Amino acid sequence: MTLSAVLDRIDTDLPAALDRLFDLLRIPSISTDPAYDADVARAAEWLAADLASIGLDAAVRPTSGHPMVVAHGDGPGPHLLLYGHYDVQPVDPLDLWHRDPFDPELQEVDGRKVIRARGAVDDKGQLMTLVEALRAHKAETGALPCRITVFFEGEEESGSPSLVPFLTENADELRADLALICDTGLFARGVPAITTSLRGLVGEEITITGPRIDLHSGQYGGMAMNPNRVLTRILGALHDDKGRVQVPGFYDDIIDPPAEVLEGWTALGFDADAFLGEVGLSLPSGEADRTPLERLWSRPTAEINGMIGGYTGAGFKTVIPSKASAKVSFRLVAGQDPAKVRDAFRAWVRAQLPADCSVEFHDHGAAPASAMDISHPAFAIALDALSTEWPGKAAYIGSGGSIPVAGYFKEVLGVDSLLAGFGNDDDAMHSPNEKYDLESFHRGTRSWARILHEVGQA
Ligand code: BES
Ligand code: ZN
């Protein structure tokens, strides 16, 4: 039978597949930092060449930002649009890494093999599960399992500025029956999942200016207002002691998930203590009157992602800084309008500003939340295929993360998305020492091979 031969080939080809992934992981494609622009372009070239080697008609497609990689291949059955992103997050703080983030290594941790490198899970390792599944199918059968369009992005980690223009300009070329997105996680170790909701995101940078220049804090302290003090007072008031965000109107437009979705989540038996325990915590933050999975998947949040102000170097310096700034993000859920949330936040900050301080805002992008339509027959096929491949039974889950492309595929192309991915909570996404379990890479590739095969036959 074709499928078992394809799966066998994936097994025997695993060392070579790892070599290919390591080649890609060695390219420091950090999209948010212009110093790495040439590396981002190099990663796109690498992928286009690799896709061409499988026989796809592949090209690096320029945008006004980082390039997209688009490839086409003919096959039977429905037309599938495969998405992943080849850009990665910055590596700082570098001193917390145990080795060079761009010198990937296969390591053994607690008896499990892990691939250690920036981008291992987010998203190069995951993206390559799609590519390796195609490769195995092509090598074994001489053809692709379905008609395929590959669409790999290089700006996902930096707000996807070129995404909507690119989708709009190339809509006819990219439109497909269904998109398969590989950038999410398992529900738990060994338990596969299809993600049916994603939170949206609003990114804001706020800079408060007080005195014209940095001041001696003895000479001026007691008279001059300190912008660090203004900033921390405002941000300190962002949540009340029940974890609720205090920006007026923040919760007004929320649409709760349907009852059957919430019941499904309850049935998952999420272990909140273990989830927090793994990162050294024990007390849940967030909205006190909501369940853990609601807090993570269907309730909006505000987080202070970074703060800069005054002297932060070695030693000590008695200074009242001229400026203080913070990077703040809001995760949004169904019903919330990103523009409205941004405006409400800005108005709320301005209202709390002392008369002789000023504030500037910088927009770091936004995307609304998205919920998937699971009526396409591929969803039932994928649940079955995932349950066959993995020890646990596949579940529908939500995600607290944001993958703006899912919403834009629907909005711009009219294409629904099926999100499956194989990350584990302990993969240290966006963090030092990021990893991807070898099991995730291997079973992930086999999962896509099964899904592509079954969808192609259906
Ligand atoms: N792979 C993540 C999204 C994700 C996070 C999925 C957690 C499942 C669980 C993706 O690469 C990501 O990090 N997205 C950013 C988007 C932002 C920069 C627009 C995010 O969620 O912060
Ligand atoms: Zn990410």
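The structure displayed is predicted, hence computed values, not measured ones. Read the numbers this way: they start at 1 and go in the same order the structure lists the ligands and their atoms.
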Is R443 salt-bridged to D437, cutoff N-O under 4.0 Å? no
Stepwise, does the salt bridge (Lys or Arg N to Asp or Glu O under 4.0 Å) test hold for D50 with R135? CA-CA 10 Å; D50 194 50; R135 187 187 329 269; 2.8 Å; yes
The expected count of protein N/O/S atoms at less than 2.8 Å from the Zn ion (ligand 2) is 4
Starting from the N and O atoms of ligand 1, find every protein N or O within less than 3.5 Å and list the pair with its distance.
| unit_1 | atom_1 | unit_2 | atom_2 | d |
| --- | --- | --- | --- | --- |
| ligand 1 | 1 (N) | D122 | OD1 | 3.2 |
| ligand 1 | 1 (N) | D183 | O | 3.0 |
| ligand 1 | 1 (N) | D183 | OD1 | 2.8 |
| ligand 1 | 1 (N) | D183 | OD2 | 3.2 |
| ligand 1 | 11 (O) | H85 | NE2 | 3.0 |
| ligand 1 | 11 (O) | D122 | OD1 | 2.8 |
| ligand 1 | 11 (O) | D122 | OD2 | 3.3 |
| ligand 1 | 11 (O) | E156 | OE1 | 2.8 |
| ligand 1 | 11 (O) | E156 | OE2 | 3.4 |
| ligand 1 | 11 (O) | E157 | OE2 | 3.1 |
| ligand 1 | 11 (O) | D183 | OD2 | 3.3 |
| ligand 1 | 13 (O) | E157 | OE1 | 3.3 |
| ligand 1 | 13 (O) | H430 | NE2 | 2.8 |
| ligand 1 | 14 (N) | E156 | OE2 | 3.1 |
| ligand 1 | 14 (N) | S402 | O | 2.9 |
| ligand 1 | 21 (O) | R331 | NH1 | 2.8 |
| ligand 1 | 21 (O) | R331 | NH2 | 3.4 |
| ligand 1 | 21 (O) | S402 | N | 3.0 |
| ligand 1 | 21 (O) | S402 | O | 3.4 |
| ligand 1 | 22 (O) | R331 | NH1 | 3.4 |
| ligand 1 | 22 (O) | R331 | NH2 | 2.8 |

How would you list all residue pairs meeting salt bridge (Lys or Arg N to Asp or Glu O under 4.0 Å) that involve residues 362-374, not counting sequence neighbours? R342-D363
Consider only side-chain N and O atoms of W390 and S447, and report whether a donor and an acceptor are under 3.5 Å apart. yes
Consider only side-chain N and O atoms of S402 and R331, and report whether a donor and an acceptor are under 3.5 Å apart. yes
Here the salt bridge (Lys or Arg N to Asp or Glu O under 4.0 Å) pairs for residues 249-269, sequence neighbours left out, are D253-K340
Please check if the side chain of S417 supplies one atom and the backbone of L419 the other of a donor-acceptor pair under 3.5 Å. no
Any cation-pi pair here, R61 with F166, using under 6.0 Å and within 45°? no
Partner of V349 under side-chain contact (heavy atoms from CB on, under 4.5 Å), picked from L235, V359, V247, is V359
